[in-house]
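Atoms within a ligand are numbered from 1 in the order they appear, just like the ligands themselves. Residue numbers count from 1 along this sequence.
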Amino acid sequence: MLVAPSILSADFGNLARDVKNICDSGCDLVHVDVMDGHFVPNLTIGPVVVSAVAKAATKGLDIHLMVENNTFFVELFAPLKPEYISFHIEEEKHPHRLIQKIRSLGIKPAIVLNPHTTPESIEFLLKDLDMVLLMSVNPGFGGQSFIESVIEKASRLNEMRNRLNPNCLIEVDGGVNDKNIHDLKEAGVDVVVAGSYVFKHENIETAIKSLQV
Ligand code: DX5
Ligand code: ZN
């Protein structure tokens, strides 16, 4: 299991220190939550701050867009050369076109599904994707509790991607901890995002290792 700590739960007064710390502690990706105050009722960070994160990070950035105007934000963050950019299928009229655009910028494209969105809704996009991110909380805030139905959704998506695109990773985001990690592994999940679990743990390295099952 790959682990992408979400910096939403970091200490923003010491952001570079915290980003270096998770990278030195063996995380696999750095998850960056971009919220615009429209698609979700919260507002986070833009390219100035994410550029500082990119400088401090020794692992690839996994940018999770929770915004209304996806294309605008893809263009804004592309110069920072993230490894992944993911956007919500619920907020995109032309997902196929946007996937091609992200790939043409040298970035791995990913799609995010909210808790109510079925994996079948992206069946015809799966072969063009590098990753699908399943939300296991409603997007907008860290520290919420895990929505159990994501386990069944991940199993269904796992069956679909094995058939249509075995190289496409499955990522789960929200409420992940050392209690639900084994069920996620069994369902076929490859990457987990963890914010409050990692940053509130007394030892960040122990927390990350406990999810790398
Ligand atoms: C929620 C974000 C998550 C969040 C996860 O909208 O997408 O990445 O930071 O935080 P935890 O792990 O605390 O649920
Ligand atoms: Zn996220």
Side-chain angles (χ1 to χ4, degrees), residues 1-12 15 18-19 21-22 25 27-46 49-50 53 57 59-68 70 73-74 77 82-92 107-117 130-151 153-154 169-181 183-184 189-202 204 206-213:
M1 185 73 80
L2 302 178
V3 175
S6 162
I7 60 161
L8 195 58
S9 294
D11 171 3
F12 272 68
L15 192 53
D18 279 9
V19 169
N21 194 1
I22 53 173
S25 300
C27 77
D28 299 285
L29 289 164
V30 175
H31 187 81
V32 178
D33 290 303
V34 174
M35 308 183 189
D36 68 349
H38 295 276
F39 178 64
V40 287
N42 197 4
L43 189 62
T44 57
I45 52 180
V49 176
V50 181
V53 172
K59 305 293 167 71
L61 299 193
D62 173 28
I63 297 186
H64 174 190
L65 297 179
M66 286 159 273
V67 301
E68 277 189 351
N70 284 306
F73 282 90
V74 164
F77 288 105
E83 186 164 345
Y84 294 92
I85 291 185
S86 60
F87 64 89
H88 276 259
I89 189 72
E90 299 86 7
E91 192 53 51
E92 185 50 51
I107 301 161
K108 296 175 182 167
I111 275 187
V112 196
L113 307 187
N114 267 338
H116 73 281
T117 307
D130 281 42
M131 188 158 76
V132 177
L133 169 50
L134 302 179
M135 291 308 298
S136 41
V137 295
N138 285 295
F141 304 94
Q144 305 180 79
S145 48
F146 186 76
I147 297 173
E148 292 285 342
S149 60
V150 78
I151 302 285
K153 201 197 279 195
L169 300 181
I170 301 175
E171 182 177 42
V172 167
D173 182 5
V176 172
N177 56 39
D178 59 346
K179 308 279 182 298
N180 47 38
I181 193 71
D183 288 344
L184 290 165
V189 174
D190 308 288
V191 188
V192 286
V193 176
S196 49
Y197 174 71
V198 166
F199 284 100
K200 289 204 165 73
H201 202 284
E202 53 186 17
I204 282 188
T206 308
I208 291 173
K209 296 259 169 333
S210 73
L211 301 178
Q212 286 167 328
V213 294

Ligand 1 N/O to protein N/O, distances under 3.5 Å:
{"residue": "ligand 1", "atom": "6 (O)", "partner": "Gly140", "partner atom": "N", "Å": "2.7"}
{"residue": "ligand 1", "atom": "7 (O)", "partner": "Asp33", "partner atom": "OD1", "Å": "3.0"}
{"residue": "ligand 1", "atom": "7 (O)", "partner": "His64", "partner atom": "ND1", "Å": "3.2"}
{"residue": "ligand 1", "atom": "7 (O)", "partner": "Asp173", "partner atom": "OD2", "Å": "2.8"}
{"residue": "ligand 1", "atom": "8 (O)", "partner": "His31", "partner atom": "NE2", "Å": "3.4"}
{"residue": "ligand 1", "atom": "8 (O)", "partner": "Asp33", "partner atom": "OD1", "Å": "3.2"}
{"residue": "ligand 1", "atom": "8 (O)", "partner": "Asp33", "partner atom": "OD2", "Å": "2.8"}
{"residue": "ligand 1", "atom": "8 (O)", "partner": "Asp173", "partner atom": "OD1", "Å": "2.8"}
{"residue": "ligand 1", "atom": "8 (O)", "partner": "Asp173", "partner atom": "OD2", "Å": "3.0"}
{"residue": "ligand 1", "atom": "9 (O)", "partner": "Ser6", "partner atom": "OG", "Å": "2.8"}
{"residue": "ligand 1", "atom": "9 (O)", "partner": "Asp33", "partner atom": "OD2", "Å": "3.2"}
{"residue": "ligand 1", "atom": "12 (O)", "partner": "Gly195", "partner atom": "N", "Å": "2.7"}
{"residue": "ligand 1", "atom": "13 (O)", "partner": "Gly143", "partner atom": "N", "Å": "2.8"}
{"residue": "ligand 1", "atom": "13 (O)", "partner": "Ser196", "partner atom": "N", "Å": "2.9"}
{"residue": "ligand 1", "atom": "13 (O)", "partner": "Ser196", "partner atom": "OG", "Å": "2.5"}
{"residue": "ligand 1", "atom": "14 (O)", "partner": "Gly175", "partner atom": "N", "Å": "2.8"}

(request) Answer yes or no: is there a side-chain heavy-atom contact under 4.5 Å between Val112 and Asn114? (result) no

(message) Just verifying a value: how many Å separate Asp28 CG and Leu2 CG, rounded to the nearest 0.5 Å?
(response) 4.5 Å

(message) Are the side chains of Leu61 and Phe77 in contact, using a 4.5 Å heavy-atom criterion?
(response) no

(request) Quick one: which residue pairs count as a side-chain hydrogen bond (donor to acceptor under 3.5 Å, both in side chains) with a foot in residues 189-200, not counting sequence neighbours? (result) Arg161-Asp190, Tyr197-Ser210

(message) Taking 2.8 Å as the distance threshold, tell me the number of protein N/O/S atoms next to the Zn ion (ligand 2).
(response) 4

(message) Less than 4.5 Å apart, side chain to side chain, heavy atoms only: is that true for Ile7 and Ile45?
(response) yes

(message) Are the side chains of Ile111 and Leu113 in contact, using a 4.5 Å heavy-atom criterion?
(response) yes

(request) With sequence neighbours excluded, tell me which residues meet side-chain hydrogen bond (donor to acceptor under 3.5 Å, both in side chains) with Thr44. (result) none

(request) Name the orientation class of the two ring planes belonging to His31 and His64 (parallel below 30°, tilted from 30 to 60°, perpendicular beyond 60°). (result) tilted

(message) Could you check whether any side-chain heavy atom of Thr117 comes within less than 4.5 Å of a side-chain heavy atom of His88, counting everything from C-beta outward?
(response) no

